[in-house]
Enquirer: 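Dumping the structure here so I can ask a few things about it.
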Amino acid sequence: MSDKIQAIRGMHDILPDRTPHWQHVEAVLRRVMAAYGYREIRLPLVERTELFKRSIGEVTDIVEKEMYTFEDRNGDSLTLRPEGTAGCLRACLEHGLLHNQAHRLWYSGAMFRHERPQKGRYRQFHQLGVEAYGMAGPDIDAELILLCRRLWRELDIAHKLELQINSLGTVEERLAYRGKLVDYFRAHFDRLDEDSRRRLESNPLRILDSKNPELREVIEGAPVLAGELGDASRAHFDGFRKRLDAAGVPYAVNPRLVRGLDYYSRTVFEWVTQELGAQGTVCAGGRYDGLIEQLGGKDSTAVGFALGMERLIELLDEPERFETAAHPHAYLIAAGEETELAGAQLAEAWRDALPALRLQTHCGGGGFKSQFKRADKSGAAVALILGEDELRNRTVGIKFLREEREQSTLSQSELISFLRTII
């Protein structure tokens, strides 16, 4: 007998007892996006590899080690998207959405990175991405933070998240800072780990984001980027902070916060938690004003964020309440061919009358005893019973499955009024 085929390591099935959690979060996300005027855009899973090399940066871990890249039959190099910003921007440029226009957009779906799987970090993972184009001031940066805060409040997880912010300045300011940072780390080269030594020449700012506790002391002694910021970058960051203060949003300025992608500039932020162990970043983003021109468009402004759906769902309290919310309201039991035929027609009529009704009809035969077991297992609040007597008398039996109440009988004409009470 051959071995069973299993899912690829780090790519997980989301089973029916978990999908209610996802559906709840997705419904909240859609509601909040609409409340702020953000419109959904749907993007391909596969893009040309060059898109990610030009946007993310060829010397990043994602491009060097983590992308799922392959040649198609035409010999073109294609990549499963490792993040959403590049594809969203490509779509906007391709379809002319950025020509003297401002847009607020969001998307969601699977991303792919070949990393070592662990809790909160998977090879196929899901993100919500939010992008705002054509708005240069700190007001839109602050709006994204307020949008996030509303998400956390509606999901009842605000108490589990902390906001950290920083400014990366302009490209020119980062280059000046980069030189000082390289000089500093070269002076402490013997204390760097292998990854940091490799990043020293290619992307030294990423050393500041190292999670290696042995590097904490040397990183804390490194020069800070704030000292290189010009007047415009300082004014933008001050304006951002002023708006957060006015809205009562608590935050911490983290001068070591750099983000892992090359395209960020000025504002960067992360929402972090202590609830998920090592994978503590739940949502992160910032401003990437230079990326549009880098991908062939006219110089413009952009800011956005992405949040990890798996990590977000792990933060939810009392997950069983979402499972209960997905159970059928009622389960229709009918024994015998004639009652099954009549039951199917009645069920359709009840669904027509009550679109919100979740009604599961029994299929697969069996006597009343086995059908009651199925009804109870379904999680339904009540069983609707249609036997020969009920069919002849145009009635339906009502048995409460979750409450200690006596079984009763209603006429078919009364049933819709009753069903309204359990929806």
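Computation of the quantities below employed the complete heavy-atom set of this structure, encompassing side-chain atoms and omitting hydrogens, waters and symmetry-equivalent molecules.
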Enquirer: Centre-to-centre under 6.0 Å for His159 and Trp152, is that the case here?
Expert: no
Enquirer: Are any non-hydrogen side-chain atoms of Ser196 and Leu215 less than 4.5 angstrom apart?
Expert: yes
Enquirer: Got Leu151 and Leu29 here, is their nearest side-chain heavy-atom distance under 4.5 Å?
Expert: yes
Enquirer: For residues Gln164 and Trp271, determine if any side-chain heavy atom of one lies less than 4.5 Å from a side-chain heavy atom of the other.
Expert: no
Enquirer: Contact between Glu40 and Leu105 at the side-chain level, heavy atoms closer than 4.5 Å - yes or no?
Expert: no
Enquirer: Any chance the rings of Tyr133 and His103 have centres within less than 6.0 Å?
Expert: no
Enquirer: Would Arg241 and Asp238 satisfy salt bridge (charged side-chain N to carboxylate O under 4.0 Å, His left out), going step by step from the backbone distance to the final call?
Expert: CA-CA 5 Å; Arg241 294 182 63 183; Asp238 289 345; 5.2 Å; no
Enquirer: Taking CD in Gln407 as the centre, count heavy atoms belonging to other residues, nucleotides or ligands within less than 6.0 Å. Is the count above 12?
Expert: yes
Enquirer: Quick one: are Thr273 and Glu162 in side-chain contact, heavy atoms under 4.5 Å?
Expert: no
Enquirer: Going from CG on Leu386 to CD on Glu338, what distance comes out if it is rounded to the nearest 0.5 angstrom?
Expert: 9.5 Å
Enquirer: Contact between Thr69 and Leu80 at the side-chain level, heavy atoms closer than 4.5 Å - yes or no?
Expert: no
Enquirer: Test Ile333 against Phe368 for side chain to side chain contact (heavy atoms under 4.5 Å, CB included), laying out the working first.
Expert: CA-CA 7 Å; Ile333 290 172; Phe368 278 117; 3.4 Å; yes
Enquirer: Passes side chain to side chain contact (heavy atoms under 4.5 Å, CB included), His24 versus Val28? Steps please.
Expert: CA-CA 6 Å; His24 170 71; Val28 172; 4.0 Å; yes
Enquirer: Let me confirm one number: the CD-CG distance from Gln124 to Leu45, rounded to the nearest 0.5 Å.
Expert: 8.5 Å
Enquirer: Are there over 12 heavy-atom neighbours, none belonging to Arg234, within less than 6.0 Å of that residue's CZ?
Expert: yes
Enquirer: For residues Ile145 and Phe305, determine if any side-chain heavy atom of one lies less than 4.5 Å from a side-chain heavy atom of the other.
Expert: no
Enquirer: If you count every heavy atom of other residues, nucleotides or ligands that lies below 6.0 Å from Arg351 atom CZ, does the total exceed 12?
Expert: yes
Enquirer: If you round to the nearest 0.5 Å, how far is CZ of Arg287 from OG of Ser167?
Expert: 10.5 Å
Enquirer: Are the side chains of Glu143 and Tyr38 in contact, using a 4.5 Å heavy-atom criterion?
Expert: yes
Enquirer: If you measure from CZ on Arg123 to CE on Met11, what distance do you get to the nearest 0.5 Å?
Expert: 7.5 Å
Enquirer: Tell me if a side-chain donor or acceptor on Arg243 pairs with a main-chain N or O of Gly239 at a distance below 3.5 Å.
Expert: yes
Enquirer: Is it true that atom CZ of Arg392 has more than 12 heavy atoms of other residues, nucleotides or ligands lying nearer than 6.0 Å?
Expert: yes
Enquirer: Looking at Arg178, I'd like to know if its CZ atom is crowded, meaning that more than 12 non-hydrogen atoms belonging to other residues, nucleotides or ligands lie closer than 6.0 Å.
Expert: yes
Enquirer: Which atoms form the tightest heavy-atom contact between Leu419 and Ala330, and what is the distance?
Expert: CD2-CB, 4.4 Å
Enquirer: Determine whether Val382 and His329 satisfy the following criterion, side chain to side chain contact (heavy atoms under 4.5 Å, CB included), listing intermediate values before the conclusion.
Expert: CA-CA 7 Å; Val382 299; His329 295 116; over 6 Å; no
